[in-house]
Amino acid sequence: MDQLTSLLEPATGLLINLLAALLIFLVGKAAARFISRFLGRFMEQRGVEATLVKFLKNVAYYALLAAVVLAALDRLGINTTSFLALLGVAGLAVGLALKDSLGNFSAGVMLILFRPFKLGDFITAGGVSGTVKEISIFNTELTTPDNQKVVVPNGAIMGNVITNVTAHPTRRLDLLFGISYGDDTGKAKEIITGIITAEPRVHREPAPLIAVSELADSSVNIVARPWVNTSDYWPVRFELIEKIKQAFDREGISIPFPQRDVHLYHENEKLN
């Protein structure tokens, strides 16, 4: 009887520890899920961006879950100190193997925290221009104006200049018109001014700038710089260029082709 008892006691203790570890894991996992969801709702109520909310929820959940797993292993009598050391060595090896991916990961965290752009913005980043469709931890998805899907690694975005075209509600149009040296610059400016001021989508403030900017090799260049809403940028640009060209044609203002004077000399003339 004593021998049976001595055999049953270790097995009973192991079973109790196993059940306790399982209970710790199940309860801890449920608690980690509850806390992460509560954290997500709290951030959403504070107006935190959805991408950042999702990221922080996942970080909180897996960090809590890792603590739960360590507590369950400790209840089973496993030396968690050695386990953590082994995990650290494995993490270092994985980190060295995935250094590019980790670089993209850290860049994604920076993009989410500092938010140089958001979903729906039109940006130029990593050598690509397009509308932001998704910002994930490792890459950013853009849709180009001709409807191509481009996935850009976050490291390439954070390591280069980011241009957010739609960050502000208004933009300035930079238009350049070259007229012949024989044409009246004052008349050309009046034509441009009349067409621009008649366009209802052009802002009155700040007032459009229209001025002679350069005496070029083949033309006198006139710049026009009106301000418009960002959403109206391309439609207004296209219409103004077409209307001003048509008005120049009606008024006899010419847009010269590039010209170059070529002088020919005979050999005997050069000797004299």
Side-chain angles (χ1 to χ4, degrees), residues 47 49-51 111 114-135 140-150 152 157 160-259:
E49 189 176 353
T51 306
L111 287 175
F114 293 104
R115 292 185 291 178
F117 52 81
K118 62 183 184 300
L119 297 180
D121 284 346
F122 189 92
I123 67 170
T124 298
V128 181
S129 297
T131 302
V132 180
K133 293 300 181 182
E134 183 179 354
I135 307 170
T140 297
E141 180 184 325
L142 304 179
T143 299
T144 62
D146 58 346
N147 204 32
Q148 297 184 62
K149 175 182 175 180
V150 181
V152 186
I157 294 177
N160 294 279
V161 175
I162 301 172
T163 302
N164 191 334
V165 178
T166 55
H168 301 298
T170 59
R171 285 186 68 186
R172 190 186 73 186
L173 282 169
D174 288 343
L175 305 176
L176 178 66
F177 302 96
I179 66 173
S180 172
Y181 271 89
D183 291 324
D184 186 347
T185 56
K187 183 179 179 181
K189 289 171 60 178
E190 288 178 4
I191 293 172
I192 297 172
T193 302
I195 293 174
I196 288 178
T197 54
E199 171 55 56
R201 290 168 292 183
V202 171
H203 293 184
R204 300 296 174 260
E205 291 294 334
L209 171 66
I210 300 168
V212 175
S213 65
E214 183 184 12
L215 301 178
D217 293 338
S218 304
S219 63
V220 178
N221 292 337
I222 301 175
V223 293
R225 294 175 177 172
W227 287 81
V228 297
N229 291 336
T230 301
S231 58
D232 294 331
Y233 180 88
W234 288 109
V236 174
R237 178 183 178 86
F238 293 149
E239 290 186 27
L240 288 180
I241 291 175
E242 182 177 4
K243 289 180 179 179
I244 291 172
K245 171 61 170 64
Q246 292 171 348
F248 279 0
D249 291 342
R250 288 194 303 268
E251 299 296 329
I253 303 293
S254 60
I255 300 177
F257 294 102
Q259 301 176 23

Residue pair K118, V132: steps toward the side chain to side chain contact (heavy atoms under 4.5 Å, CB included) verdict: CA-CA 7 Å; K118 62 183 184 300; V132 180; over 6 Å; no

Working for side chain to side chain contact (heavy atoms under 4.5 Å, CB included), residues F248 and I192: CA-CA 9 Å; F248 279 0; I192 297 172; 4.0 Å; yes

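Annotation: side chain of E199 is not in contact with side chain of I195 (no heavy-atom distance under 4.5 Å). Within the 4.5 Å cutoff, the side chain of I157 has heavy atoms near those of the F117 side chain. Side-chain contact between S129 and T144 is absent, with no heavy-atom pair separated by less than 4.5 Å. For the pair R201/N229, no side-chain contact is recorded, criterion being any heavy-atom separation below 4.5 Å from C-beta on. Between F122 and P145, the closest side-chain pair of non-hydrogen atoms falls below 4.5 Å. Contact check for N164 versus P116: no side-chain heavy atoms found under the 4.5 Å cut-off. The shortest distance between side-chain heavy atoms of D183 and V220 does not fall below 4.5 Å.
Within the model, atoms OH of Y233 and OG1 of T170 stand 12.5 Å from one another, a figure rounded to the nearest 0.5 Å. For the atom pair CD1 (I253) and CD1 (I191), the distance works out to 5.0 Å, reported to the nearest 0.5 Å. Atoms CG and CG, on L173 and L209 in that order, are 12.5 Å from each other to the nearest 0.5 Å. The CD1 atom of I196 lies 4.0 Å from the CD1 atom of I210; values are rounded to the nearest 0.5 Å.
Under the side-chain contact (heavy atoms from CB on, under 4.5 Å) criterion, D174 pairs with R172, R225, not counting sequence neighbours. N147 is linked by a side-chain contact (heavy atoms from CB on, under 4.5 Å) to T143, counting only residues two or more places apart in sequence or in another chain. With sequence neighbours excluded, no residue forms a side-chain contact (heavy atoms from CB on, under 4.5 Å) with E205. Listed by chain and number, the residues in a ring-ring contact (aromatic ring centres under 6.0 Å, His included) with W227 amount to none (sequence neighbours excluded). For E242, the side-chain contact (heavy atoms from CB on, under 4.5 Å) test picks out Q246, with sequence neighbours left out.
In this structure a side-chain-to-backbone donor-acceptor pair under 3.5 Å is missing from N160 to G127. No donor-acceptor distance shorter than 3.5 angstrom exists from the side chain of R171 to the backbone of S231, with no hydrogens or angles considered. Formation of a donor-acceptor pair under 3.5 Å by the T230 side chain with backbone atoms of H168 is found in this model. T140 places no side-chain N or O within donor-acceptor distance of the main-chain N or O of I135, the cut-off being under 3.5 Å.
Checked options I123, T124, D121; the residue passing with L142 is I123 (criterion: side-chain contact (heavy atoms from CB on, under 4.5 Å)).
Across all their heavy atoms, A224 and F177 have their closest contact at CB-CE1, 4.3 Å. Scanning both residues, K245 and I255, for their nearest heavy atoms gives CD-CD1, 3.8 Å. The heavy-atom pair separating V202 from P226 by the smallest distance is CG1-CB, 3.7 Å. Of all non-hydrogen atoms in I179 and P256, the two that sit nearest each other are C-CD, 3.5 Å.
Applying the salt bridge (charged side-chain N to carboxylate O under 4.0 Å, His left out) test to residues at least two apart or on different chains, the pairs with a partner in residues 186-197 are K187-E251.
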